[in-house]
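Have a look at the structure below, then the notes.
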Amino acid sequence: MPELPEVETTRRGIEPACLGQTITEVIIRQRSLRWPIPRGIEQKLKGAVFNKVGRRAKYLLLELERNIARNNYATLIIHLGMTGTFRVLKQGTTAKKHDHIDILLGNNTLLRLRDPRRFGAFLLTTEPIEKHHLLSNLGMEPVLHDYTAEEVGKHLYTQSRKRKTSIKSLLMDQKIITGVGNIYACESLFLSGIHPKRGCNRISERHYLTLAEAIISTLTTSIKQGGTTLQDFRNSEGKPGYFQQQLLVYGRDDESCTKCGAIIYKITQNQRSSWYCPRCQH
DNA sequence: CGTATCTCCTGCAAGC
DNA sequence: TGCTTGCAGGAGATAC
């Protein structure tokens with residue numbers, strides 16, 4: 001499931017393949033993703049050049065330039081949802097089931113979006129990207145903007161004072177901090193010794209600093225490993241990530257805690273699974 | 001406004 | 001073996 005490290009891995013993979021390249025054709029086989037892919041987007045994309053391959057939270061932001069003199073810019077917003085992959089392939093590679101979109105480039109390669117569960121998004125906007133409704137309310141970006149652990153911890157501490165929700169829920173709230181999905185929330189809480197059900201306003205500033213350090217190190221390490229592959233994720237070259245080999249609690253119910261040997265528990269919070277060590281996390 | 005619940009979708013696995 | 005059922009989950013929409 002693409003979370004921040006998987007999206008960043010994808011971003012880094014496609015960047016060299018498409019920067020400066022012209023879109024020669026766009027093929028869409030399935031238009032019903034999370035939102036219907038707008039009619040006519042193929043024609044709007046054709047002829048455009050990739051200017052920048054960016055990211056905000058779990059959104060890939062592909063900046064396009066259509067006509068330099070007229071200053072005609074647009075941004076392609078891509079979200080990988082639950083099962084999305086975005087890969088660089090040679091033109092002529094046969095499309096399989098769930099290969100919904102091909103973007104053909106001038107250098108005889110193509111970018112292919114595959115998304116079996118179709119929770120992803122593929123949208124085009126011309127408004128300033130920070131004002132787009134999907135992005136305008138996003139919270140602190142923990143890795144991309146190079147925030148220090150002190151800044152992230154202080155931010156979480158401040159935000160948590162007026163809230164009643166659990167710390168797990170706070171971490172999963174993209175308006176507070178972006179890119180921390182279920183896997184990395186569970187892992188970060190384990191590393192910092194905080195119980196996922198703990199009320200977020202009952203955690204000290206000092207503990208928030210520890211948590212922030214855990215979040216940053218977990219995300220950074222995972223990006224270095226190419227992300228986490230549980231079942232579906234593949235990077236832009238079709239290769240899996242390797243971070244799952246060092247997941248400490250996620251998906252490990254009934255196994256022994258690597259720190260203390262206690263049995264890892266699995267509980268449900270906000271309709272989501274949480275894993276934690278009952279002895280290490282309070 | 002903050003929080004909980006529902007929803008989209010497909011593939012896999014467990015259970016009968 | 002083959003069916004049904006449950007579950008996985010990012011995040012917007014909706015209800016309270």
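Letters A, B, ... are given to chains in the order of the sequence lines, protein chains preceding strands, and every chain is numbered from 1.
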**Request:** Would you tell me if any nitrogen or oxygen in the side chain of A:Thr165 comes within less than 4.0 Å of OP1 or OP2 on B:dA4?
**Result:** yes
**Prompt:** Looking at the side chain of A:Lys58, which of B:dG11, B:dT3, C:dA11 is the nearest nucleotide?
**Reply:** C:dA11
**Item:** Interatomic distance where NZ belongs to A:Lys175 and C1' belongs to C:dG12 [whole Å]
**Value:** 9 Å
**Prompt:** Is A:Arg11 paired with A:Glu8 through a side-chain N to carboxylate O contact shorter than 4.0 Å?
**Reply:** yes
**Asked** In terms of hydrophobic clustering (I, L, V, M, F, W, Y; side-chain heavy atoms under 4.5 Å; direct or indirect links), are A:Leu189 and A:Tyr157 co-clustered?
**Response** yes
**Asked** Under 4.0 angstrom, heavy atoms only, what part of the nucleic acid is A:Arg118 near: base, sugar-phosphate, or nothing?
**Response** sugar-phosphate
**Message:** Regarding A:Lys162, tell me which of base, sugar-phosphate or nothing describes its non-hydrogen contacts under 4.0 Å with the strands shown.
**Reply:** nothing
**Prompt:** Any ion pair linking A:Lys46 and A:Glu42 (charged N to carboxylate O, less than 4.0 Å)?
**Reply:** no
**Asked** NE2 of A:His98 versus P of B:dC12: gap in Å, rounded?
**Response** 9 Å
**Request:** Name the nucleic acid region contacted by A:Leu80, choosing base, sugar-phosphate or nothing; use a 4.0 angstrom heavy-atom cut-off, strictly under.
**Result:** nothing
**Request:** Measure from CG on A:Asn137 to P on C:dA11 and round the result to the nearest Å.
**Result:** 14 Å
**Complete:** Closest of B:dA4, C:dA11, C:dA8 to the A:Ser273 side chain is C:dA8
**Protein-nucleotide distance (A:Trp275, atom CH2; C:dG9, atom C1'), rounded to Å** = 10 Å
**Message:** Using the side-chain heavy atoms of A:Lys266, tell me which of these nucleotides is nearest: C:dA8, C:dG12, B:dT10.
**Reply:** C:dA8
**Asked** Think A:Lys259 forms a cation-pi with A:Phe190, using NZ or CZ under 6.0 Å from the six-ring centre and within 45 degrees of its axis?
**Response** yes
**Fill in**
Closest of C:dG10, C:dG12, B:dT10 to the A:Glu3 side chain is C:dG10
**Request:** Could you check how far CG of A:Leu138 sits from C1' of C:dG12, rounded to whole Å?
**Result:** 12 Å
**Prompt:** Between A:Phe119 and C:dG10, do the rings stack, that is, sit under 5.5 Å apart with planes less than 30° off each other?
**Reply:** yes
**Complete:** Taken to the nearest whole Å, CG/A:Asn201 to P/B:dG2 is 14 Å
**Request:** Look at the side chain of A:Pro116 and decide which nucleotide, out of C:dG12, C:dG9, B:dG11, has an atom nearest to it.
**Result:** B:dG11
**Asked** Can you tell which of B:dA4, C:dG10, C:dG9 lies closest to the side chain of A:Ser169?
**Response** B:dA4
**Item:** Residue A:Gln271, side-chain atoms from C-beta onward, closest of C:dG9, B:dT5, C:dA11
**Value:** B:dT5
**Prompt:** Under 4.0 Å between a Lys/Arg side-chain N and an Asp/Glu carboxylate O for A:Arg56 and A:Glu130?
**Reply:** no
**Message:** Mind checking if A:Asn270 touches a base, just sugar-phosphate, or nothing, with heavy atoms under 4.0 Å?
**Reply:** sugar-phosphate
**Message:** Which label fits A:Tyr265 and A:Tyr276: parallel for a plane angle under 30°, tilted from 30 to 60°, or perpendicular past 60°?
**Reply:** perpendicular
**Prompt:** Whole Å only: how far is the CG atom of A:Leu4 from the P atom of C:dA11?
**Reply:** 10 Å
**Message:** Let's test your reading of the model: under 3.5 Å, does the base of C:dG10 pair with the side chain of A:Arg272 as donor and acceptor?
**Reply:** yes
